[in-house]
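In what follows, chains carry the letters A, B, and so on, assigned in the order in which the sequence lines appear, proteins first and then strands, with residues in each chain numbered from 1.
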Amino acid sequence: MGHTFTIGIGGAAGQGVATPGDIFAKIFSRRGLHLNAYNAYQSIIRGGHTFLTIRTGADPVTNMGDRIDLLIPLNQDTMDRHLGLLGEGGACLYNADTIQPGTHAEGVQLCALPVSTLADISRNKVAQNTIAIGAAISMMGIGFQSLEDVIREQFGRKAAAVADENVAVARAGYDYATQNFRPFARPLPMSDNRYAVLSGNTALAMGGAAAGVKFYCAYPMSPSTGVLHWMATHAREAGIMVRQVEDELGVVNMAIGAAQAGVRAMCATSGGGFALMSEALGLSAMAEIPIVVIDCQRAGPSTGVPTKTEQGDLWQMLGAAFGDYPRVIAAPLDIADCFTLLAEMWNLVDKFQVPGLVLADLLLSEGRLSVDPKVLDFAPHVDRGEMITSPNGGPGEGGYKRYKITESGVSPRAIPGVPGYTHVVASDEHDEDGVLISDMFTNTHKRRAMMEKRMRKENGIAAAVAPPKLQGPADADVTLIGWGSTQGVIEEARALLAEEGITANQLQVRWIVPLHGEAIVEQLKNAKRTIIVENNYSGQFARYLRSETSFVADGHIRKYDGEPFMPHHIVEAVREQLAGGVTLSVPVHEIMV
Amino acid sequence: MGHTFTIGIGGAAGQGVATPGDIFAKIFSRRGLHLNAYNAYQSIIRGGHTFLTIRTGADPVTNMGDRIDLLIPLNQDTMDRHLGLLGEGGACLYNADTIQPGTHAEGVQLCALPVSTLADISRNKVAQNTIAIGAAISMMGIGFQSLEDVIREQFGRKAAAVADENVAVARAGYDYATQNFRPFARPLPMSDNRYAVLSGNTALAMGGAAAGVKFYCAYPMSPSTGVLHWMATHAREAGIMVRQVEDELGVVNMAIGAAQAGVRAMCATSGGGFALMSEALGLSAMAEIPIVVIDCQRAGPSTGVPTKTEQGDLWQMLGAAFGDYPRVIAAPLDIADCFTLLAEMWNLVDKFQVPGLVLADLLLSEGRLSVDPKVLDFAPHVDRGEMITSPNGGPGEGGYKRYKITESGVSPRAIPGVPGYTHVVASDEHDEDGVLISDMFTNTHKRRAMMEKRMRKENGIAAAVAPPKLQGPADADVTLIGWGSTQGVIEEARALLAEEGITANQLQVRWIVPLHGEAIVEQLKNAKRTIIVENNYSGQFARYLRSETSFVADGHIRKYDGEPFMPHHIVEAVREQLAGGVTLSVPVHEIMV
Amino acid sequence: MATITEGPRPMAMADYKGRVDPDWCPGCGDYGVLAAVQKALVELQIPNHQVVTISGIGCSSNFPGFIETYGMHTLHGRALPVATGVKMANHELTVLVTGGDGDGFGIGGNHFAHAMRRNVDLTYIVMDNQIYGLTTGQTSPTSQIGMKTKSTPFGNVEGPIHPIASALACGATFVARGFSADQKHLSGLIRQAIEHKGFSFIDVFSPCVTYNKDNTFQWFRPRVKKLEDDPAYDSGDWLAAMEKSILWGEEIPIGKFFERTDLPSLDEAEPVLKDGPMVGRPDHIDPAIARAFIEELM
Amino acid sequence: MATITEGPRPMAMADYKGRVDPDWCPGCGDYGVLAAVQKALVELQIPNHQVVTISGIGCSSNFPGFIETYGMHTLHGRALPVATGVKMANHELTVLVTGGDGDGFGIGGNHFAHAMRRNVDLTYIVMDNQIYGLTTGQTSPTSQIGMKTKSTPFGNVEGPIHPIASALACGATFVARGFSADQKHLSGLIRQAIEHKGFSFIDVFSPCVTYNKDNTFQWFRPRVKKLEDDPAYDSGDWLAAMEKSILWGEEIPIGKFFERTDLPSLDEAEPVLKDGPMVGRPDHIDPAIARAFIEELM
Ligand SMILES: Cc1ncc(C[n+]2csc(CCOP(=O)(O)OP(=O)(O)O)c2C)c(N)n1
Ligand SMILES: Cc1ncc(C[n+]2csc(CCOP(=O)(O)OP(=O)(O)O)c2C)c(N)n1
Ligand code: SF4
Ligand code: SF4
Ligand SMILES: [Mg+2]
Ligand SMILES: [Mg+2]
């Protein structure tokens, strides 16, 4: 990607790091710039340390990048932790009344803001933030009007007086900076494009809504709760039934009930909640009631680090619930894909009447990305599969068989309320007509036939999903293999490696089940050196890929400290591995968040 | 194994199939004979069809075998289903008043018992059963006294009159048979050995008790409930706290609480309950509180076929809970091993402070086996690991660190009540002293160090467990690979194959995690043809083995109809695969149960 | 709820007869409950395709297989959330939930409490046999102290839960108790429960003849006393219901303990449903609204 | 239970001061609860190593990290079974369970009911802020109808649960309600609760100053009325307690609603414990008994 510019804003939870973030995001996206924002925070409501990184540029910005250009520390702790991140050309805007700068690199511009002289801090508690934003806008070479518009919008018409005051405070910062600080060397460009800026959670929620989800339920759990928040806020307009349930057991079973009644029903959680939901995935598969469950992964095991990212739930998903049953598992590649994937997932899941699992992670869920609004298609193709919603001619000879044995394994499903199609769906093994074969009518042959009927769906599912494709030059020096949310950072690492003369291509896996192992091996067979990149300790994807293909990569880059990869982590690890000797690199996260 | 003799008794649930089974088992084991019993039943309390197979012989009897020698149908349904199983030399003992024989093979002796003339059936509802037992004993060439002793024992001293009557009824059957039926060609031998006959559930419970388990809790779930029943019945004498809990979430967490307080705490369930428990395995691993959870697998997915066997929970166990954490998983090889394994498991789990998972199945849990009482060692070596149970000198400099970073990954644990060692154990990521690093003190370096500390235990665990060893001739024509409960049936299939001139050896896996993949591959590398045998649809073990080793077997024998393998299933499948063309055999279960 | 929308032919008992005969033990209390439900449905003339019968796992939870309606035989303990989902997706359906004491008060206890506080419009019938039947006889949450079962061979030491008191405490708007042997009374309760708009709970003494040797038909018969027989009893009085709820021993009240009709059921309270059931709505959101959702982000 | 077995030095507040300072929001109600617990422990002079403080997950559930006792910070909703396990393995320990309304009445509701019916001897303190704090403000099971939260931006339509009534219905033997702002009163309740042999439940109004703008300190202050102020109130009268339990609005009772001391706690009822705590018993079963176990099988 081309030139980018990154702002880092840090402070304690409750100090209002989010607001400047929102303001910058609005300003950038309205200039037609792309952006990517990532907030490193802690499981604490007030206090502690939060560090928001907003990176912007003319090209799509796929990750947080490697560098901070402008640091805005809202407290001393942030100054102490992060001043060292700034290099030549960087600047730090800080409240000189309360914060002392520490030692810094050559060429860093320290911009002390005399906050209490610029604003009445007794009246305006976030004056330091607003002044810093004004100053930043000035140094970035952006006209004040953009900022004023956003501030006014934020307060709305009702609070015009408050808006006025904040505009004035921002203006003071803007003017002070114009007079006292050196602007950044390279001003931010503009374009006519307009982007929507959204988090992965919003994208998942909107993607579900666009796919026709009519029932959403959840139990709050970081980092998935944003899906619930979007759904709850938009439920009435969107015509979606949203319920907060007593626990995750209730959530998934409520979704199954709604799905059986005939609507698309979805829920989201994180690893711990998913563990509780796992039993019911078997019910969904056995009773052949399609649902979609989203797991927004966070750092485990157990409660772990609830506000930190990880790709550590893959084996939990692969192993969720006992016995063999067909399912679909996919990991969206970026925030836009959180939206796009859902319509695809839903059509598959409805067609094959199986549970569909989406493996997102905190990085996507809580990160924010600029997305072309065209991507947010609210009228995607909807295929509900073979569903009987009215009696028509009736079931015909022999009556309706809910679990009719078919070549595809799929049996048309009638929803409650349709006359003539009454039947029982069951978690016990059953015959074609739904009658249990676990008690009275136990029968090894029927049991086998029903297992095979269900499992045959796997063929159809595999055929409906394309294998992943190698991105980049076929004859690259190194092939980086990733899955889900690492798409962007690997892509940037490849670009950086290319600058060093190392060519890299990339195989990024989005559909976990079905995997298309043979196609993957085919694509990897000429690779000069393969390295699997993943955000967990044990190489969960590497192990899974091996289980399906016997493929063993030459090297691994893993990270399990709670923070996502930055491009240089991958670049350095690849360099290290190409130099020889090393086959496992675990990059150190230098930013102390 | 040498000559064996198999009785099949079938009837509706509630008709009392179990009692004749118990009587035969007692008589055989007291003659110094080995035996193996398997009951094919349904999820129904009364009615339906139950079919008990008891196989006995002088050598250890490892499985139900392929043949029935004596069929005792307690109702017409059983006669209709199973008469066809008898071959030359076989016999069928039935109540001629109520049951009609069907067509049968050449050389089968149909033994009609005139039950109502031999006993007063209005007084004795199970007269037909008792008469049949008497008749059977006679035909097997066993003296009546053995039977009389067992009957008297069953009724106890208090019901001497009832016992007398039943003895008389049995005697009538015995005498009638002596006079009217042809005895079996080969009378059952005797030996001076005496065996205990027990189910896998009893073995698991006793094995736990022997290993020093002081807390057992459970929620009933077939086929694991027998563990609870043994524990509840023997709790007072054994000094074990036994609790039935409101659900499996409560079960596993209660066990964790008890374990933290300092006792060995265990629980058992089946797949659905295990799904509910999975979240807490992460707590056990993260807080480093050792527990043992037993999963008695049954046919899934979902409620599935609750009374049928399967090896279908392997991936659920491998994936249980999110994030990476150390654990131990083992699958006992037979009912005796259900006992033996627990002491080994407990020492590992205590030493490394991790969750230990035992993967049994219905075949073991509810089957019965004759076991040399010496195997049932109630004073096994007990190693509780590094535990601080008294203040001694106190924690010394810097205070007590519950999660002290050590080379082994193991940190000495103090139990509540010891002065000077107060600390908090947490499911959130924490520092060495137990203080959370998920909120205020989030720190990527500490997080990484704690992950690595915990995961280092995997090295110690691997070193403490030996790799599996190839059984049988090194240069065999075929190598059969199995895990857990298929040990016995594969062994017998090998013997049968040898009779046909096909030599087979066997790699049976007992420790699933740690697996010792390299050692396995080493042992398999000279195999001429490898076939993995498992009781599930998707080849769960084959996939796992591949994930660890890249190893792909030449063929697979799988069964997922709810019933266990019989030796001829494997023999025929091996024959079929050696003949070429076929790489996946799914034997048909001919016995309609 | 219970309005007839199709078919001129009146519903008869045979229309609710399940595809297979119940395989409960001969004499099991659950037979009486099945018959009472079928009778109530006939009396209410609800077409069988408009009824969804939902259960968990247990002997009693085999119920949906034995009645001809739409049925869901779900997971142990999870019938109520499933039923809530069904009702919220299509509140025109009549939703019956059937199951056991273990299913409902043991593993399912949390859903029980929460479905009641939400006043989900469904009828929940617990076949309370004070034992775990299907797993062959362990204590249940309603087993009395001292009861000997396979899991308490020396007698249970844990106090039971009180389903009626709990239902009252959790805000159930219709709370009753029936006895499987008094089918007419029971079927009357079920009819009222179905007619009640909101959460209706009926705890039914439905003896397990195989595993519960303490609380048998014979044990209950002389003890059960109908609340309806006391003209002074006011089922609108919550505190009076509470007082009756804990009677146990020589006199055990059955009948309607409590009903209130002043609270909206969840489907009535939920504004999203003002346009009718969720099921059958168009897949796609109105484009103008969708555009507004995107605008918000720009 | 609360007997002092070691150390001559009396316990002081400092002995219960946690390793780190609480990181609750300034003004959070939970500070008052922490102080009240510490005060009660000092008054009872229970050595800190004989106390185990157990919580689930939530702001309030961070409690064990802020008090110097043995602590367990477990899973969301699972504190009570963990605590039951601790108590059953070593009933000489004083077991405190602390957590939130979501933790205890939402996801943990089933364990709540069952721990009470079992009369496990522990003290359960719920910091009830009628909101999900740690997940940044969604409705909780005690949120009132109409409350606007992140998950109910247009107002909650679901009725709340009633912790006091539920506890009474489930057979809790000590039921009280406190207010974080009245520390002296609260600490008195906690002291009594710890002294009570059996399950003690204290629902504490502990306002979330960040996310609950409805049920604030200011809202509660004029409303809470101490039961102790009414000399006629008899905390031995279950039905009277029930009657008080559902008061909500202008007058909200706090204090001890109910206590009974005639029922054995689970450890007292459990015969296996007559020989003392499970922990510390020899690993191996007496050989003669073990032999008998094997004999049974022969
Ligand atoms: C998660 C889970 N745990 C345990 C079981 C085993 N199980 C099946 S039915 C049942 C209890 C049945 O008791 P109840 O609900 O009272 O029904 P009843 O058989 O007495 O009618 C249990 C524990 C299960 N199916 N699923
Ligand atoms: C299984 C599971 N689901 C969800 C969560 C997320 N979670 C953490 S705390 C919490 C609720 C906290 O509310 P409450 O118990 O009332 O405590 P408070 O923060 O208000 O003190 C939730 C839902 C979790 N940790 N585990
Ligand atoms: S076991 Fe009990 S509850 Fe189950 S069917 Fe038989 S009598 Fe009924
Ligand atoms: S969010 Fe609420 S409950 Fe949590 S610490 Fe802050 S004030 Fe307390
Ligand atoms: Mg029951
Ligand atoms: Mg709360």
Chain B: which of [options] shares the most heavy-atom pairs with it under 4.5 Å?
options: A/Asp428, A/Val593, A/Asn443, A/Val588; result: A/Asp428
options: A/Glu563, A/Glu310, A/Met450, A/His430; result: A/Glu310
options: A/Gly323, A/Gly319, A/Ser302; result: A/Ser302
options: A/Ala12, A/Gly282, A/Gly47, A/Ala280; result: A/Gly282
options: A/Asp313, A/Val552, A/Leu314, A/Ile437; result: A/Asp313

Which residues, numbered in order, of residues 38-45 of chain A come under 4.5 angstrom of chain B by heavy-atom distance? A/Gln42, A/Ser43, A/Ile44
Taking the six-membered ring of A/Tyr325, is NZ or CZ of A/Arg327 closer than 6.0 Å to its centre and within 45° of its axis? yes
Between [X] and [Y], what is the ring plane arrangement, given parallel below 30°, perpendicular above 60°, and tilted in between?
X: B/Trp315; Y: A/Trp315; value: parallel
X: A/His569; Y: A/His589; value: tilted
X: A/His49; Y: A/His82; value: tilted

Taking every non-hydrogen atom, the tightest pair across B/Ala320 and B/Leu281: CB-CD1, 3.7 Å
Does the salt bridge (Lys or Arg N to Asp or Glu O under 4.0 Å) test come out yes or no for B/Arg454 and B/Glu429, once each step is laid out? CA-CA 11 Å; B/Arg454 283 189 300 271; B/Glu429 189 61 280; 2.8 Å; yes
Which answer fits [X], side chain, backbone, both or neither, if we ask what part of it has an atom under 4.5 Å from a heavy atom of chain A?
X: B/Glu279; result: both
X: B/Gln540; result: side chain
X: B/Met592; result: side chain
X: B/Ala13; result: neither
X: B/Lys559; result: neither
X: B/Leu249; result: side chain

Residue selection (most heavy-atom pairs with chain A, distance under 4.5 Å) from [options]:
options: B/Pro301, B/Ala275, B/Gly312; value: B/Pro301
options: B/Gly562, B/Gly273, B/Ala321, B/Ala287; value: B/Ala321
options: B/Gly48, B/Ser427, B/Gly272; value: B/Ser427
options: B/Leu283, B/Thr549, B/Leu318, B/Asn536; value: B/Thr549
options: B/Ala285, B/Gly304, B/Ser270; value: B/Gly304

Among side-chain atoms of [X] and [Y], is any donor-acceptor pair under 3.5 angstrom?
X: A/Arg543; Y: B/Ser547; result: no
X: B/Arg298; Y: B/Ser222; result: no
X: B/Glu452; Y: A/Tyr537; result: no

Just how far is it from atom CG of B/Asp361 to atom CG of B/Asp295, taken to the nearest 0.5 Å? 9.5 Å
When rounded to the nearest 0.5 angstrom, what distance separates OG in B/Ser224 from CD in B/Glu248? 8.0 Å
Hey, does A/Phe322 have a side-chain heavy atom less than 4.5 Å from the side chain of B/Gln297? no
Less than 4.5 Å apart, side chain to side chain, heavy atoms only: is that true for A/Tyr219 and A/Thr269? no
Above 12 or not: heavy atoms from other molecules or residues under 6.0 Å from CD of B/Glu590? yes
Using non-hydrogen atoms only, which part of A/Lys308 is less than 4.5 Å away from chain B: side chain, backbone, both, or neither? side chain
